[in-house]
Amino acid sequence: MSERALESVIGLEVHVQLRTRQKLFCADSTQFGADPNTHVCPVCLGLPGALPVLNEEAVELAVRTSLSLGCRVHPVSVFARKNYFYPDLPKGYQISQFERPLATDGRFAVEREGGGEVSVRIRRLHMEEDAGKSLHDRVEGATAVDLNRTGVPLVEIVTEPDLREPADARLFLQGLKRHLEYLDVSDCNMEEGSLRVDANVSLRPRGEASLSTKTELKNLNTFSGVEKALTREIERQRGLRDAGELVQHQTLLWDAGRSEIRPMRTKEESHDYRYFPDPDLPPVVVAESRIEELRSELPEFPRARRQRFIEQYALPDYDAGVVTASRGLADYFEEVVDSVGDPKVASNWVMGPVLQEVNERGLGIVDFPVGATALAELVQLVEEGTISHRVGREVLHRMLDSGRTASRVVEEEGLAQVRDSSALEGWVLEVLEAHPEEADRCRGGEHRLIGFFVGQVMRHSRGKADPKEVNRMVRAAFGGETDGSPSEA
Ligand SMILES: [Zn+2]
């Protein structure tokens, strides 16, 4: 055995469901969650004589995806039949692309936290139709099949084996998902199967150029699953090598529930697909002029947008990263900046109260009912001191509950900040009376209790008291102590 250290060599195959309303070769709906076998027709059921017709929208989305990943898009590509037998494949073959894929030779890079990047070459990107789905829990003691998904348009993105670490594979996939969401070609919903990953991995002595026998991992339904399964498989291959045994080429299934890998039955693993061009489908032709048009329509991607936010709005790196986490959030942030004026004030509101409400209510930012102008009105009330920041958060909450504007909430619920000194003095006195023991200790020199009293007055006023004024009054009540610890209000 060589004494040289081993490195792992990882490649990925990512299946992405394209965001079309209709299937790839028929007019059935692609909607998720319908009753089993309700979105089917003679074409996707593979009935004799039914002819497929290519969905042009799917081709355009696939070309967009290819261009965004720096791939060369081929003006002519060819659909082929991939033949295999499985219960969820009624035609007995899957329409895919084999010898002549839509696109090749791309690259996609993801920034590492703390500098550097994970850069991976894209070997190819091709279009294909999805298969159906076996349902093991629907009928007691039997497996049922749902063909709604049969014929749904996918692209398969195949990388070169450029990844070395399972954690990098995860980072790459997270970056790719965000990229595809920005591109708006897929909803990338992993729970609904819109983004699925297979991985292959082998080990070799560091510095060696040739590849060793690899194994393939399937059923990786989460990004953490990808990382865990790869880590487990690398350990297994290392163990085999240490024991002087050979790694067999095989397909392995990841069992997320048990966190273990098991081999697929060999019957399921037959690789003799006998590909041949589909005689029912003409070659896919995409005009060069259309390719260039689609290239010019590509959106600004997360890295570029983040950089622009740092330069154009003078945002801290951290803020720029948070508000560009999704395209919807970045769009919203830019609208808020337009309405509010100050980018840092805008990012504080978007990163804080807005995202908190979005998360707590389980909303997507695109469905967030408080638009940029409505939020700007609220921010204005806080900035000019009509309400405190704390009350501002509460007002946002009530705007969402009731659909009212910020100023209406403040007016109808009497939330405007109170600066009137007789009202404030009343509250201060009430709080001092309610806490005689603490008041005595404070008079006796325990001045750190001033913060406690300011806090109590703010609470007593339901956040409406002007904290600066309260602070001054509490200090005055204890003999004009104006130095010492800063206010906790
Ligand atoms: Zn159909």
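Just so you know, ligand 1 is whichever comes first in the structure, and atom 1 is the first atom listed for that ligand. Along the sequence shown, residues are numbered consecutively beginning with 1.
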Parallel, tilted or perpendicular: rings of Phe301 and Tyr182 (30°, 60°):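 Tilted, since the angle between the ring planes falls between 30° and 60°.
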Mutual orientation of the aromatic rings belonging to Phe98 and Tyr275 [parallel < 30°, tilted 30-60°, perpendicular > 60°]: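 Ring orientation of Phe98 relative to Tyr275: parallel.
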Any Met351 side-chain heavy atom under 4.5 Å of Val323 side chain: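 Yes; the side chains approach each other to less than 4.5 Å.
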Any side-chain heavy-atom pair of His74 and Thr104 under 4.5 Å: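 SC-SC contact between His74 and Thr104 confirmed.
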From CA spacing to verdict: ring pair (Phe, Tyr, Trp, His ring centres under 6.0 Å), Tyr86, Tyr93: CA-CA 9 Å; Tyr86 206 71; Tyr93 61 86; over 10 Å; no
Basic-acidic side-chain contact under 4.0 Å: Glu292, Arg295: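 Between Arg295 and Glu292 there is a salt bridge, with a charged N closer than 4.0 Å to a carboxylate O.
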Sphere of radius 2.8 Å around the Zn ion (ligand 1) - protein N, O or S atoms inside: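 Those protein N, O or S atoms (cut-off: under 2.8 Å from the Zn ion (ligand 1)) are Cys26 SG, Asp28 OD2, Cys41 SG, Cys44 SG.
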